[in-house]
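Shown next, in structure tokens, is the structure this report addresses.
The sequence lines fix the lettering, A, B, ..., with proteins before strands; numbering per chain opens at 1. As a basis for the values below, the full set of heavy atoms in this structure was taken, side chains included, without hydrogen atoms, waters or symmetry mates.
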2 protein chains.
Amino acid sequence: MPYKTSQMLDRELKKGSAELLILSLVEDQPRHGYDIGSLIEQRSKGALRFNVASLYPLLYRLEKRGWIQGRWVEKAGQRRRRYYRLTAEGKKVLAAQRDSWREFVEAINRITGLEHA
Amino acid sequence: MPYKTSQMLDRELKKGSAELLILSLVEDQPRHGYDIGSLIEQRSKGALRFNVASLYPLLYRLEKRGWIQGRWVEKAGQRRRRYYRLTAEGKKVLAAQRDSWREFVEAINRITGLEHA
DNA sequence: AAGTCTTATATGGCATAGCGATATATTATT
DNA sequence: AATAATATATCGCTATGCCATATAAGACTT
């Protein structure tokens with residue numbers, strides 16, 4: 001696998017939090033970019049917001065890596081949308097990233113004295 | 001349209017996780033850079049490691065902002081060390097960053113479905 | 001019909017954070 | 001004498017995220 005699993009702040013982890021969000025959101029059903037951006041804002045109650053200039057390039061990267069797969073959908077009465085679904089490899093990556101995230105949060109909490117948080 | 005009170009991943013948060021670590025570690029007692037780096041590695045059980053090429057510049061930034069204050073300490077039998085202590089302003093920032101961190105983690109967990117993990 | 005809002009995707013250019021690599025200097029260990 | 005560990009420092013690179021801007025189409029307002 002081209003992506004190492006244990007690096008500083010896991011290297012992947014900084015990106016990881018952003019990737020984790022997207023991979024999670026397309027886990028159960030395919031979603032398009034704008035939908036993903038809106039969901040992140042809604043579900044975080046406005047605490048997190050994804051700028052489109054980060055979001056779309058990230059989607060392209062994830063697709064290029066084969067973790068998600070997009071397809072154009074055109075319907076009458078709406079603008080064309082690109083729906084992304086999670087691939088088999090994406091599922092594995094998502095599972096690994098969830099573990100990484102958990103470990104990361106625990107480590108930070110342990111060090112900063114927030115372990116009960 | 002309500003103005004967004006928080007940037008994407010809060011802008012402060014990406015830096016935040018790194019800054020939070022350092023500010024937390026110098027909260028109770030002054031510490032020098034190498035010590036901070038070692039503590040992060042130890043207490044995270046190796047999960048987190050801070051490269052010196054990130055750590056030292058970050059210390060300089062934090063000092064420049066007035067959140068920590070460093071002073072050189074020279075003792076016989078050891079190399080010179082620069083000990084950093086948390087300033088009054090640093091304390092406020094630390095408190096705010098702890099809140100931010102908690103909010104961030106909750107938001108990610110909510111979105112990624114890790115709340116009952 | 002015109003104007004604006006919301007949806008939806010796209011990208012150039014900039015700022016900055018983190019890191020590999022490398023450097024220096026002192027003390028401890030082999 | 002050689003190597004390791006401690007301790008600080010910085011160059012140059014890459015990646016990430018953002019602002020600003022662009023395009024395009026439907027929905028709503030006047």
Side-chain angles (χ1 to χ4, degrees), chain A residues 2-4 6-22 25 30-42 48-65 68 70-84 104, chain B residues 1-4 6-22 25 30-42 48-65 68 70-84 97 104:
Chain A
Y3 287 87
K4 315 174 195 173
S6 66
Q7 206 73 344
M8 153 55 190
L9 295 207
D10 203 341
R11 183 82 172 241
E12 308 321 306
L13 217 35
K14 288 158 292 178
K15 310 182 302 181
S17 60
E19 293 175 1
L20 177 58
L21 286 173
I22 291 179
L25 286 173
R31 294 186 189 278
H32 57 97
Y34 192 87
D35 187 25
I36 292 171
S38 306
L39 275 174
I40 289 174
E41 195 166 354
Q42 282 170 32
L48 308 182
R49 215 181 86 74
F50 236 102
N51 194 295
V52 294
S54 312
L55 181 59
Y56 288 108
L58 178 50
L59 287 170
Y60 309 150
R61 288 202 302 276
L62 296 182
E63 180 167 25
K64 200 173 174 187
R65 285 183 208 147
I68 60 177
R71 73 174 235 275
W72 286 108
V73 174
E74 314 227 16
K75 267 192 196 161
Q78 57 186 26
R79 215 190 166 300
R80 65 170 191 164
R81 297 165 167 173
R82 190 161 175 86
Y83 279 83
Y84 294 94
F104 176 68
Chain B
M1 287 89 296
Y3 265 102
K4 6 169 175 162
S6 52
Q7 310 280 62
M8 155 52 192
L9 299 206
D10 201 341
R11 187 76 171 238
E12 306 318 304
L13 227 29
K14 287 160 294 178
K15 309 181 301 181
S17 59
E19 293 175 2
L20 176 57
L21 286 174
I22 292 179
L25 286 174
R31 293 187 189 276
H32 57 96
Y34 192 86
D35 186 26
I36 291 171
S38 305
L39 275 173
I40 288 175
E41 195 167 354
Q42 281 169 33
L48 308 182
R49 182 175 311 118
F50 236 101
N51 193 295
V52 294
S54 311
L55 181 58
Y56 288 107
L58 179 49
L59 287 170
Y60 310 149
R61 289 202 302 275
L62 296 181
E63 181 168 25
K64 200 173 173 190
R65 285 184 209 146
I68 59 178
R71 72 175 235 276
W72 286 108
V73 174
E74 313 227 15
K75 266 191 199 162
Q78 56 186 24
R79 213 189 167 303
R80 65 171 191 163
R81 296 165 168 173
R82 191 164 175 84
Y83 279 84
Y84 294 94
Q97 288 205 356
F104 176 68

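In the set D:dG17, C:dG18, D:dA9, the nucleotide with an atom closest to the side chain of A:Ser54 is D:dG17. Of the candidate nucleotides C:dT11, C:dA21, C:dT9, C:dT9 has the atom nearest to the side chain of A:Arg82.
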For nucleotides 24-26 of chain C, tabulate all protein N/O to nucleotide N/O atom pairs closer than 3.5 Å, reporting atom names and distance.
from	atom 1	to	atom 2	distance (Å)
C:dA25	N3	B:Arg79	NE	2.7

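Taking 4.0 angstrom as the limit, B:Tyr60 places a side-chain polar atom (N or O) nearer than this to OP1 or OP2 of D:dA9. Contact check, A:Arg61 against D:dT14: no side-chain N or O comes under 4.0 Å of OP1 or OP2. The side chain of B:Tyr34 contributes no N or O atom lying less than 4.0 Å from OP1 or OP2 of D:dT8. Between B:Tyr56 and D:dT8 there is a side-chain N or O to OP1 or OP2 distance below 4.0 Å.
Between B:Leu21 atom CG and C:dG18 atom P the separation is 10 Å, expressed in whole Å. Put simply, NE2 on A:His32 is 17 Å from P on D:dA25, counting in whole angstrom units. For the pair B:Gln42 CD and D:dT6 C1', the interatomic distance rounds to 13 Å; values are reported in whole Å. Distance, A:Asp35 CG to C:dT9 P: 9 Å, rounded to whole Å. Regarding B:Leu59, its CG atom lies at a distance of 13 Å from the P atom of C:dA17, rounded to whole Å. We find that CZ of B:Arg81 is positioned 17 Å from P of D:dA5, with the value rounded to whole Å. D:dT6 atom C1' lies 14 Å from atom CD of B:Glu41, rounded to whole Å. A:Arg31 has its CZ atom 18 Å from the C1' atom of C:dT9, to the nearest Å.
With a 4.5 Å cut-off on side-chain heavy atoms, A:Leu55 and A:Ile22 count as touching. No side-chain heavy atom of A:Arg79 sits less than 4.5 Å from a side-chain heavy atom of A:His32. Annotation: side chain of B:Tyr56 is in contact with side chain of B:Tyr34 (closest heavy-atom distance under 4.5 Å).
Rounding to the nearest 0.5 angstrom, the gap separating the CD1 atom in B:Ile68 from the OH atom in B:Tyr60 is 10.5 Å. Residue B:Ile36 holds its CD1 atom at 8.0 Å from OH of B:Tyr84, rounded to the nearest 0.5 Å.
Residues satisfying the side chain to side chain donor-acceptor pair (under 3.5 Å) criterion with A:Gln42, sequence neighbours excluded, are absent altogether.
Side-chain atoms of B:Arg82 come within 3.5 Å of backbone N or O of B:Gly70 as a donor-acceptor pair.
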